[in-house]
K.L.:
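After the structure tokens below, expect a handful of questions from me.
Not measured: the values here are computed from a predicted model.
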Amino acid sequence: MSPKPPATPAKPTPPRGPAARTAPTASTVSRNARFAWYAGLAVLGVLVGTAGALVQAAWLPVGLILALLATAALFYGGLRATETQVGVVAGGLGWLVAVILLSFGRPEGDGVFGGGVGELLYLFGGMAIAVMCTTLSRLPRPIP
């Protein structure tokens with residue numbers, strides 16, 4: 001008697017429905033790359049916070065809107081680049097450190113923030129945008 005050839009495994013059927021259009025939940029960004037993103041977002045947060053503090057007072061209505069749009073772009077970009085909410089937190093910490101340090105002023109009385117409504121809108125608006133971006137749900141990535 002001759003031995004039987006081994007049976008070939010059956011091809012798995014592709015999933016149907018919503019699972020067919022989304023990739024697994026595993027992240028596509030490596031761990032080291034994600035830490036580099038976090039550090040870069042923190043530095044970028046310091047830069048955006050400093051630029052926003054200077055611009056929002058210079059051109060009051062338009063400058064405030066530009067500063068808040070740049071802040072929103074930083075936070076949302078951090079969320080999408082790292083695929084985690086920690087990306088928003090990294091950029092937000094850099095932004096918050098810059099804004100807090102600039103609000104202290106100097107012993108001579110010089111300061112970036114003068115204490116008007118624009119400064120408060122920038123501070124609380126930026127924090128509200130950070131909270132909104134942190135609570136956004138992550139979208140599943142489509143399979144190409």
K.L.:
For Ile129 and Leu68, work out which heavy atoms get closest and say how close.
P.N.:
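Closest approach of Ile129 to Leu68, heavy atoms only: CD1-O, 3.7 Å.
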K.L.:
Run Met127 and Trp95 through side-chain contact (heavy atoms from CB on, under 4.5 Å) and show every step you take.
P.N.:
CA-CA 9 Å; Met127 288 190 291; Trp95 180 85; 4.2 Å; yes
K.L.:
If hydrophobic clusters are built from ILVMFWY residues whose side chains come within less than 4.5 Å, do Tyr76 and Met132 share one?
P.N.:
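Looking at the clustering, Met132 is in the same group as Tyr76.
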K.L.:
Can Tyr122 be reached from Leu93 by stepping across I, L, V, M, F, W or Y side chains whose heavy atoms are under 4.5 Å apart?
P.N.:
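No; Tyr122 is not reachable from Leu93 via cluster members.
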K.L.:
Would you name the heavy atoms of Ala130 and Val88 that are closest together and state the gap between them?
P.N.:
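Heavy atoms of Ala130 and Val88 come nearest at O-CG1, 3.7 Å.
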K.L.:
Among the clusters formed by ILVMFWY side chains lying less than 4.5 Å apart, do Leu123 and Leu101 turn up in the same one?
P.N.:
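Leu123 clusters together with Leu101.
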K.L.:
Listed by chain and number, what are the side chain to side chain contact (heavy atoms under 4.5 Å, CB included) partners of Val46, not counting sequence neighbours?
P.N.:
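Side chain to side chain contact (heavy atoms under 4.5 Å, CB included) check on Val46 returns Thr50, Ala98.
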K.L.:
Please list, chain by chain and in numerical order, all residues satisfying side chain to side chain contact (heavy atoms under 4.5 Å, CB included) with Val86, sequence neighbours excluded.
P.N.:
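Side chain to side chain contact (heavy atoms under 4.5 Å, CB included) list for Val86, sorted by chain: Tyr38, Thr84.
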K.L.:
Who passes side chain to side chain contact (heavy atoms under 4.5 Å, CB included) against Leu120, sequence neighbours left out?
P.N.:
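By the side chain to side chain contact (heavy atoms under 4.5 Å, CB included) rule, Leu120 matches Phe124.
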K.L.:
Applying the 4.5 Å side-chain criterion to the ILVMFWY set and letting contacts propagate, would Leu74 and Leu64 be lumped into a single cluster?
P.N.:
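The answer is yes; both residues are in one hydrophobic cluster.
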K.L.:
Any chain of hydrophobic side-chain contacts (each under 4.5 Å) joining Val131 to Phe75?
P.N.:
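No: no chain of side-chain contacts under 4.5 Å links Val131 to Phe75.
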K.L.:
Distance-only, no hydrogens or angles: does the Gln85 side chain make a donor-acceptor pair with backbone N or O of Leu136 under 3.5 Å?
P.N.:
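It does hold such a pair.
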